[in-house]
Amino acid sequence: MGSDNRFCLTVCEGYFSQSLEGQEEDVLMDAYLSGYKELNKFFQLMGKVFGFVSSDVKSKVEILEEFRTKEAKEHFTSFRKMINYEKDSGLLEKKDYVSGSRTLLRLHRGLDFIREFLRQLGELNPDDKTGTCCQNAYNATLANFHPWLIRKGVSVAVYGLPTRDNLLDKVCQDKEAAIEALPHTLEVLKQVYDRTQSMYTAHDLHGLP
């Protein structure tokens with residue numbers, strides 16, 4: 001497998017850091033989506049367990065990328081602009097409208113899961129199995145939004161996950177660099193998550209269907 005297909009934590013961190021460079025308390029859309037595409041390599045490389053996550057992430061990223069090519073693209077340069085635009089234009093109530101705010105909310109929840117999983121992964125010993133920490137991260141985050149069937153599927157699948165080092169060898173371009181970069185990456189992901197969370201809270205949009 002070529003290194004381009006491997007997940008690179010420092011590339012991922014770089015994009016998410018860029019997404020924080022706009023106005024304070026906002027997140028820039030293009031850099032966020034680039035970071036998420038890099039992050040999605042991690043899901044894809046983990047195999048069948050996260051097949052449903054990676055295909056869902058891909059479709060959500062594509063929807064938001066499409067908004068950035070349309071007539072109203074200037075309203076989608078940042079999260080704050082998008083939420084204000086869709087809310088003020090009454091688009092969130094429009095039945096046949098695919099909402100960017102709703103689409104982003106799904107990615108936002110996914111980011112919470114991967115952040116928690118990476119955090120717990122960083123606390124493991126090289127030979128520890130990753131299944132339990134993956135299940136714990138899932139239970140604390142995405143499981144709250146998934147139906148029973150998906151939750152059941154995840155709990156069956158995670159037990160096939162390898163040890164920490166085997167997983168990182170399979171997924172990362174450079175395992176040692178990834179382990180070293182992890183603490184700072186987690187801090188950046190937390191800032192991105194917290195900013196997004198506070199915007200959805202301020203507009204009372206956590207319950208978007």
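Start at 1 with the first residue, then count along the sequence.
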May I ask you to say whether [X] pairs ionically with [Y], meaning some side-chain N is under 4.0 Å from a carboxylate O?
X      : Y      : answer
Glu187 : Lys190 : no
Arg109 : Asp112 : no
Asp30  : Arg68  : yes
Arg164 : Asp128 : no

Would you say that [X] contacts [Y] through its side chain, given a criterion of any heavy-atom pair below 4.5 Å between the two side chains?
X      : Y      : answer
Lys37  : Val61  : yes
Leu167 : Leu121 : yes
Leu39  : Phe7   : yes

Is it possible for you to check whether Lys70 lies under 6.0 Å from the centre of the six-membered ring of Phe67, through NZ or CZ, and within 45° of that ring's axis? yes
Determine, for Phe79 and Arg195, whether the Lys NZ or Arg CZ falls below 6.0 Å from the six-membered ring centre while staying within 45 degrees of the axis.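 Arg195 over Phe79 ring: no.
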Please name the pair of heavy atoms, one in [X] and one in [Y], separated by the smallest distance, quoted to 0.1 Å.
X      : Y      : answer
Ser19  : Val192 : OG-CG2, 3.7 Å
Arg6   : Cys172 : NH1-O, 2.6 Å
Pro162 : Thr130 : O-OG1, 2.7 Å
Ser78  : Asp26  : OG-OD2, 2.6 Å
Ser198 : Glu25  : OG-OE1, 4.3 Å
Ile150 : His146 : CG2-ND1, 3.6 Å

So, does [X] use its side chain to make a donor-acceptor pair with the main chain of [Y] at under 3.5 Å?
X      : Y      : result
Ser59  : Asp56  : yes
Asn125 : Asp127 : no
Tyr36  : Leu111 : yes
Glu65  : Leu33  : no
Asp88  : Tyr85  : no
Arg151 : Leu142 : no

Once you round to the nearest 0.5 Å, how far does [atom1] of [X] lie from [atom2] of [Y]?
X      : Y      : atom1 : atom2 : value
His108 : Ser101 : NE2   : OG    : 12.5 Å
Leu9   : Leu189 : CG    : CG    : 8.0 Å
Thr185 : Arg119 : OG1   : CZ    : 15.0 Å
Ile83  : Lys81  : CD1   : NZ    : 13.5 Å
Cys8   : Lys41  : SG    : NZ    : 8.0 Å
Glu116 : Asn139 : CD    : CG    : 11.0 Å

Given Asn84, which of Arg80, Lys87, Met82 fulfils the side-chain contact (heavy atoms from CB on, under 4.5 Å) condition? Arg80
Apply side chain to side chain contact (heavy atoms under 4.5 Å, CB included) to His206 and Gln197, showing your working. CA-CA 8 Å; His206 287 294; Gln197 183 78 352; 3.3 Å; yes
According to a hydrophobic-cluster definition based on side-chain heavy atoms being under 4.5 Å apart (Ile, Leu, Val, Met, Phe, Trp, Tyr only), do [X] and [Y] belong together?
X      : Y      : result
Ile114 : Leu124 : yes
Met199 : Leu107 : yes
Tyr15  : Phe76  : no
Val57  : Tyr138 : yes
Phe43  : Val11  : no

Glu62 atom CD: more than 12 heavy-atom contacts under 6.0 Å: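 Buried by this count: over 12 neighbours within 6.0 Å.
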Within the supplied structure, the quantity of interest is the number of heavy atoms (other residues, nucleotides, ligands) at a distance under 6.0 Å from Glu180 CD; does it exceed 12?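 It does not: Glu180 CD has 12 such atoms or fewer within range.
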Applying side chain to side chain contact (heavy atoms under 4.5 Å, CB included) to Gln18 and Leu28, what does each step give before you reach the verdict? CA-CA 8 Å; Gln18 283 171 34; Leu28 298 174; over 6 Å; no
Go through the steps to decide whether Tyr32 and Leu104 satisfy the test side chain to side chain contact (heavy atoms under 4.5 Å, CB included), and finish with yes or no. CA-CA 10 Å; Tyr32 180 89; Leu104 175 63; 3.6 Å; yes
Stepwise, does the side chain to side chain contact (heavy atoms under 4.5 Å, CB included) test hold for Phe113 with Cys134? CA-CA 9 Å; Phe113 161 69; Cys134 187; 4.1 Å; yes
